[in-house]
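Worksheet: the structure to be examined is printed underneath.
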Amino acid sequence: MQEATLVDPIWSLRRKIGFRFCCCFFILYTFPFPLNSIPFSTGINEISEKILGWYYAGLDYVTVFWHWLIPAVGKGMNLNNPISIFTNGSGDTTYDYVLLFTQVLISVIVCIIWTVLDRNRKSYNAAYYWLCVLLRYFLASMMLGYGFAKVFHLQMPYPYLSRLVQPYGDSSPMGLVWTYIGQSKAFSVIVGMSEVICGLLLFFRKTTLLGALFSLIVMGNVMAVNFCYDVPVKLFSSVLEIMALYLAAPYLKKIFQVFVQHKPTYISNYDQPVFTKKWFAVSIKILKFLVIADALFYGIKGSIDQGKQYGDDAPRPPLYGIYNTELVLRNNDTIVPLTTDTTRWRQIIIQTDNFARIKLMNDTVRNYNFKVDTVTKKAVVYPNWDTLNKMNFNYTKDSEFLILSGRIKNDSMYMRLKKYDEKKFRLMNRGFHWINEYPYNR
């Protein structure tokens with residue numbers, strides 16, 4: 001068998017230039033990680049917060065710097081519109097594209113300067129090791145975060161009530177992904193566990209190759225979904241895929257020889273620098289233990305805590321449900337349910353506290369604030385665009401009906417709405433069947 005090692009005394013010029021660029025880019029992209037990941041600093045008490053206040057303030061300055069630089073770069077690129085929207089629920093904003101371009105440009109410039117100043121360097125074995133440590137832990141933390149969110153059915157929960165009554169053709173491609181994963185809790189757990197396993201494998205040097213290869217498959221699937229279903233995490237998932245590829249790259253030739261050419265070979269792990277000082281070696285092991293324990297503890301605890309607030313078993317609002325209007329009286333006159341009526345309510349969907357989605361007779365859907373006082377049995381309803389004209393209702397509710405009575409402007413209103421059981425939707429009641437004599441595709 002041929003012995004191989006990733007520690008070479010002399011690197012080729014191409015390899016050194018590639019490392020310099022990748023080192024600059026990955027550090028820029030992951031920063032402020034790991035500085036923003038102090039083990040067990042989540043939920044720190046008031047005293048610790050005061051001690052670390054300077055530290056977190058410093059990280060905020062980094063964000064302020066990018067928020068100043070990137071719009072300036074965008075302006076220099078003559079973009080059609082100035083950058084005013086920063087990273088939010090979407091990671092594919094114009095800001096994110098310009099940020100990525102700027103980080104690549106800075107990395108190229110630094111790489112050129114580094115190459116000129118350090119042209120006599122033979123290799124970067126120690127630096128390569130620490131760069132791999134950075135990528136392993138960053139990628140692992142991301143995989144664990146996304147993985148636990150799926151294992152505990154948080155990222156893609158059961159379809160919202162509003163999703164169940166939405167016409168299928170009106171759903172967005174991203175909404176379709178959230179529905180097909182969220183509808184099956186078991187599938188969500190399977191997808192999440194694959195990401196968690198990737199993260200755990202990446203934490204350890206001896207399983208880095210397995211973790212990187214597994215991450216290439218799992219994250220490659222995530223990236224494909226993001227691109228094919230227009231999920232706005234395309235940039236981030238692509239960079240995570242590149243990180244996994246970078247970790248696996250030194251082994252790919254050997255893997256090809258084994259599985260394609262069927263040649264005997266020896267695949268070694270990348271070597272760890274020798275820590276001559278015992279206290280340093282022990283400190284590294286303790287820090288590693290704390291980082292992994294922190295990731296697992298807060299990944300699980302955080303998901304459980306979020307599940308109590310937003311998960312499947314979270315408390316529901318007092319009027320939770322889908323309600324179809326059966327009777328509407330305006331000034332004691334019955335309002336006929338005409339599809340041309342743009343004022344009569346056809347349906348109310350109440351999913352969360354202080355919020356309701358109301359469908360009118362012409363199928364127009366509007367979002368309203370829907371604040372309920374369970375003591376006085378009153379409800380205040382108003383849209384965000386008109387907070388002055390609030391509708392005040394008294395309500396009564398039983399297992400079948402919701403009755404609202406009150407005034408809308410100068411008119412007295414009475415509405416009787418019948419609750420619809422969401423379990424009656426085929427999507428929610430079909431369940432699992434070992435035996436299907438015929439396909440059940442609806």
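Just so we're clear, the structure is a prediction, and the values are computed from it rather than from any experiment.
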(message) Please find the pair of heavy atoms, one from L154 and one from S303, that lie closest to each other, and give the distance.
(response) CD1-O, 3.4 Å
(message) If we ignore hydrogens and angles and just use 3.5 Å, is the side chain of R357 paired with the main-chain N or O of S162 as donor and acceptor?
(response) no
(message) Before you tell me yes or no, could you show the steps for K185 and Y158 under side-chain hydrogen bond (donor to acceptor under 3.5 Å, both in side chains), namely the whole-Å CA-CA distance, both residues' side-chain angles and the distance that decides it to 0.1 Å?
(response) CA-CA 8 Å; K185 189 172 183 178; Y158 283 121; 5.6 Å; no
(message) Looking at every heavy atom in both T265 and K254, which two are closest together, and how far apart are they?
(response) OG1-CD, 3.2 Å
(message) Whether the side chain of K359 engages the backbone of N324 through a donor-acceptor N/O pair (distance < 3.5 Å, no angle test) should be reported.
(response) no
(request) Using salt bridge (Lys or Arg N to Asp or Glu O under 4.0 Å) as the criterion, list what pairs up with K301, not counting sequence neighbours. (result) D305
(message) What verdict does the side-chain hydrogen bond (donor to acceptor under 3.5 Å, both in side chains) test give for N88 and S90, after you've listed the backbone C-alpha separation in whole Å, the side-chain angles of each residue and the deciding distance to 0.1 Å?
(response) CA-CA 5 Å; N88 47 65; S90 169; 4.7 Å; no
(request) To the nearest 0.5 Å, tell me how far M156 CE sits from S188 OG. (result) 7.5 Å
(request) Answer yes or no for K150 and F148: cation-pi contact, defined as NZ/CZ to six-membered ring centre under 6.0 Å and angle to ring axis within 45°. (result) no
(request) Check whether any side-chain N or O of T207 sits under 3.5 Å from a backbone N or O of L210 as a donor-acceptor pair, and report yes or no. (result) no
(request) Find the distance between CH2 (W345) and CD1 (I348) and round it off to the nearest 0.5 Å. (result) 5.0 Å
(message) If I take atom CG from residue L240 and atom CE from residue M219, how far apart are they, to the nearest 0.5 angstrom?
(response) 5.0 Å
(message) Between F370 and F355, is the ring centroid distance below 6.0 Å?
(response) no
(message) Has K419 got a side-chain atom pairing as donor or acceptor with Y320's backbone, closer than 3.5 angstrom?
(response) yes
(request) Identify which one of W130, W11, F26, Y246 satisfies the ring-ring contact (aromatic ring centres under 6.0 Å, His included) criterion when paired with F19. (result) W11
(message) Taking I181's backbone N and O only, do any of them form a donor-acceptor pair with S184's side chain (distance below 3.5 Å, no angle check)?
(response) no
(request) Indicate yes or no for a side-chain donor-acceptor contact from Q351 to the backbone of L161 under 3.5 Å, with no hydrogens or angles considered. (result) yes
(request) Enter the distance from C24:SG to I106:CD1 here, rounded to the nearest 0.5 Å. (result) 10.0 Å
(request) Look at the side chain of H67 and the backbone N and O of I70, then say whether any donor-acceptor pair between them is shorter than 3.5 Å. (result) no
(message) So, taking the atom named CD in Q155 and the one named CH2 in W178, what distance separates them when rounded to the nearest 0.5 Å?
(response) 5.0 Å
(request) Can you spot which of V98, L100, L105 makes a side-chain contact (heavy atoms from CB on, under 4.5 Å) with T102? (result) V98
(message) Using 0.5 Å steps for rounding, measure from the CG atom of L201 to the NZ atom of K206.
(response) 14.5 Å
(request) Mark yes or no for whether H153, through its side chain, and V189, through its backbone, hold a donor-acceptor pair below 3.5 Å. (result) no
(message) Among F31, F33, F203, which residue satisfies the ring-ring contact (aromatic ring centres under 6.0 Å, His included) criterion with F138?
(response) F33
(message) Under a 3.5 Å distance rule, please check whether T364 uses its side chain to pair with a backbone N or O of L360 as donor and acceptor.
(response) no
(request) Kindly determine whether R20 and Y124 satisfy side-chain hydrogen bond (donor to acceptor under 3.5 Å, both in side chains), including the steps that lead there. (result) CA-CA 9 Å; R20 290 164 184 155; Y124 292 97; 2.9 Å; yes
(message) Using only atom types and a distance under 3.5 Å, with no angle test, would you say the side chain of N429 pairs donor to acceptor with the backbone of K423?
(response) yes
(message) With no hydrogens and no angle check, just 3.5 Å: does a side-chain donor-acceptor pair link N384 and N369?
(response) yes
(request) Go through D92 and K234 one step at a time and tell me if the salt bridge (charged side-chain N to carboxylate O under 4.0 Å, His left out) criterion holds. (result) CA-CA 7 Å; D92 293 339; K234 305 176 191 70; 3.4 Å; yes
